[in-house]
Amino acid sequence: MTSLACKPVELMAIVLARDIGDGEKGAAGIAAAVPNAAMFLARRLHAPNFSICGELVVNPKPKRLYASVSDHRYHYGAEAEEGFLELFGSSHKGLDFWFHSGIQIDKYGNVNLHLLGSVERPTFRGPALANVSFAVTSTRFYLYPMVHNRRVFVDKVDFISVPGNLQGPESKAMAGLRNEGPRLCVSPLAVMDFDPVTLRMRLRSVHAGHTVDEVLANTGFDLIVPERVPITEPPTEEELRVLREEVDPDGLLRSY
Amino acid sequence: MGRSQTDKPQFPDTGSLGKANKRSTKIASVDEVVSLIKPGCKLGLGGALHESRPIALLREVVKRRIGDLSLYSGPVAGYDVDLLIGAGLVKETFIPAITFESHGLAPNFRQAVEGGLVKAHILDVLTVVGGLMAAGLGLPFFPIAALKGTDEVKYNPLIKKFTPPFGDEDIYAVQPIVPDVVLLHAAESDPFGNIRNYGAFRSVDQLLAKAGKTVIVSVDKIVSPETIMQDPYRTTIPCVYIHKVVEIPYGAHPTASPSIYSMDDDHIADYWQAAELKRTGRNPEVFKDYLRRYVDEPDSIYRYLELVGGMRKLVELEKEERQL
């Protein structure tokens, strides 16, 4: 039996892949190695009818894992190339899901990719993002912070680049946000979801080798902790094999 | 040259009968096209991130230190915009995202914005596409209905909320984006400016070409008019939108020119290191050396190409592109 030990980012990709349904439509943007791995893995395992679309390229089949839809090498094996008119339309109609990382994520799943401090004179200017709408118009979105600490998991983000559940159910409704919003937040330590009543982030499982206390110590807000917190279901032999041999043969994720 | 002084979009005056009653070509020299870029202008850059960027022309902008620029672009930028900022030539950016992806954040961009030297306007891809659509279609604005719940709408300088005549909720209008000069890079053109570009961002180039007042394209190679006429469906931007064409082989390096060469990841990584050493204050000399070595000193594209690795490197990048 092969060793099922894997890098946290590989487990993140595997957990996200499991939530992608057959026949759905979804995409990821730039600097997105983890969600890209998740999508290609899902398509090879349980979701052969899942379509990547909405971001110019339709159903690419790259030979290795690339971080970005903006890298034309990612477009190898595509079935169609659309333009910005179609991107404009897809952004309005929405997909089934979308992904975001973040320099800050708060207890309601709001995402900051723009800046820390004030808008006029930020103390830190992040990369920002191109599309702030896909997450809002799509049925749901996933959060995949690349680090789990108190600088990322904050009580309130300095700037809402992409709204999660804003300040709870009332503000979310007021802003006209009618979709599910953030479904899962998959970090290098744990899997979080959102309490259906308060819309606040809730611990769902902790990755093997980590503890609830460790997650709480690295989270800058009161995470809802249910009575029972299981270990995140480890990767199966098949998941890890397909990820490493077919999706990411060059080991881009293993290099993180 | 150029469209009228108003921002009302119209077809450019891009061709006239020459003395010999013969169709004029649009082929121009690098000096000629760069002289059209004035300090303080609104400059629109084609392609996005590290694909189809007009880098050779931008090196000439840096070499001449044409400054005080307002930058527009395809929705994501990296190397090119960071280089212009690092040379101190940028006043403000209207570009949604600026990043070096797996290499890191954009060092000069960060340093300049955090230091208050460059204003990085907050906007998104729909604003860029909508603004270019409005300009290209000759409309006073383009509607955007998908901006909800984001703080962007409080700061985006190009949009305004309005009550539309149809539908039941307020939406946003984005004003036309009309760059004074648009710089594109494409694989091929004929001498009259019929452009063929490839890659995912050709459609942003198509929008920019219809929005800008003066549109300049660098191409890896000039092909014959017959080549273009054999398959007009492959022409991505027709001559009527194009003012000048300049042939610069590998003119997008170190970014990619899809169908011909892949991006030079190694060069971009080296640049990032140099810029990051400047940002952190650990060794600002490395970035100065970069500018001197790759921008200021080379007296031709051929000298530049030798410096970045010569034939061996170029063949490698072409090979990667063929084996995609």
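Here is how names work: the chains are called A, B, and so on, in the same order as the sequence lines, proteins then strands, and each is numbered from 1.
- From L208(B), atom CG reaches atom OG of S73(B) across 7.5 Å, with rounding to the nearest 0.5 Å.
- With a 4.5 angstrom heavy-atom cutoff, F109(B) touches chain A only via side-chain atoms.
- For D170(B), no part sits under 4.5 Å from any heavy atom of chain A, backbone or side chain.
- Of the listed residues (L85(A), V119(A), N131(A)), the one with the most heavy-atom contacts under 4.5 Å to chain B is V119(A).
- Ring pair H50(B)/F100(B): centre-to-centre distance below 6.0 Å.
- Only the backbone of H121(B) has a heavy atom closer than 4.5 Å to any heavy atom of chain A.
- Proximity to chain B is limited to the side chain of L166(A), based on heavy atoms less than 4.5 angstrom apart.
- Within the model, atoms CZ of R43(A) and OG of S51(A) stand 8.0 Å from one another, a figure rounded to the nearest 0.5 Å.
- In this structure, no portion of Q111(B) lies under 4.5 Å from any heavy atom of chain A.
- At a heavy-atom separation below 4.5 angstrom, chain B is approached by H114(A), L115(A) within residues 102-117 of chain A.
- Counting heavy-atom pairs closer than 4.5 Å to chain A, the top residue among V76(B), L207(B), V129(B), T255(B) is V129(B).
- Put simply, CZ on F194(A) and CG on L184(A) are 8.5 Å apart, with the number rounded to the nearest 0.5 Å.
- A heavy-atom distance below 4.5 Å is not found between the side chains of E51(B) and S257(B).
- Under the 4.0 Å criterion applied to side-chain N and carboxylate O atoms, R202(B) and E188(B) are not assigned as salt-bridge partners.
- Interatomic distance, R73(A) CZ to M263(B) CE, rounded to the nearest 0.5 Å: 4.5 Å.
- Residues satisfying the side chain to side chain donor-acceptor pair (under 3.5 Å) test with T235(B), not counting sequence neighbours, are none.
- E55(A) places no side-chain N or O within 3.5 Å of a backbone atom of L87(A) that could act as its donor or acceptor partner.
- The pair E316(B)-K319(B) does not meet the salt-bridge criterion, since no charged nitrogen lies less than 4.0 angstrom from a carboxylate oxygen.
- Panel note: side chain S70(B), backbone E92(B); no donor-acceptor pair is recorded below 3.5 Å.
- In this structure, chain A has heavy atoms under 4.5 Å from both the backbone and the side chain of A200(B).
- Options E120(A), E86(A), R125(A), K93(A) differ in how many heavy-atom pairs under 4.5 Å they form with chain B, and the most are formed by R125(A).
- For residues 133-155 of chain A, a heavy-atom distance under 4.5 Å to chain B picks out S133(A), V136(A), T137(A), given by residue number.
- Checking side-chain atoms of D250(A) against main-chain N and O of R64(A) turns up no donor-acceptor pair under 3.5 Å.
- Only the backbone of E82(A) has a heavy atom closer than 4.5 Å to any heavy atom of chain B.
- Judged purely by distance below 3.5 Å, without hydrogens or angles, the side chains of H103(B) and Q273(B) never pair a donor atom with an acceptor atom.
- With a threshold of 4.5 angstrom between heavy atoms, I144(B) approaches chain A through its backbone and through its side chain.
- A donor-acceptor contact closer than 3.5 angstrom links the side chains of T198(A) and D195(A).
- Remark: K25(A) fails to qualify as a cation-pi partner of F50(A) under the 6.0 Å distance and 45° angle criteria applied to the six-membered ring.
- With a 4.5 angstrom heavy-atom cutoff, Y74(A) does not touch chain B via any of its atoms.
- The backbone N or O of G77(A) sits less than 3.5 Å from a side-chain atom of K61(A), completing a donor-acceptor pair.
- Looking only at heavy-atom pairs under 4.5 Å with chain A, the residue among S102(B), A256(B), A48(B), G115(B) that has the most is G115(B).
- A donor-acceptor pair is defined here as one N or O able to donate and one able to accept, closer than 3.5 Å; such a pair exists between the side chain of E101(B) and the backbone of A31(A).
- Between Y261(B) and Y250(B), the gap from one ring centroid to the other is short of 6.0 Å.
- Atom CG of L129(A) and atom OG of S161(A) lie 6.0 Å apart (nearest 0.5 Å).
- L184(B) is not listed as a side-chain neighbour of S218(B), based on a closest heavy-atom distance of 4.5 Å or more.
- Checked against the 6.0 Å centroid threshold, Y271(B) and H267(B) do not count as a close aromatic pair.
- Residues of residues 145-154 of chain B lying under 4.5 angstrom from chain A, judged on non-hydrogen atoms, are A145(B), A146(B), L147(B), K148(B), G149(B), T150(B), D151(B), E152(B) in numerical order.
- For the set V113(B), L132(B), T99(B), L123(B), the count of heavy-atom pairs under 4.5 angstrom toward chain A peaks at V113(B).
- With a 4.5 Å cut-off on non-hydrogen atoms, S91(A) touches chain B through its backbone and its side chain both.
- Contacts between L126(B) and chain A at a heavy-atom distance below 4.5 Å involve backbone atoms as well as side-chain atoms.
- Between chain B and the options K172(A), R121(A), E81(A), the largest number of non-hydrogen pairs under 4.5 Å is found for R121(A).
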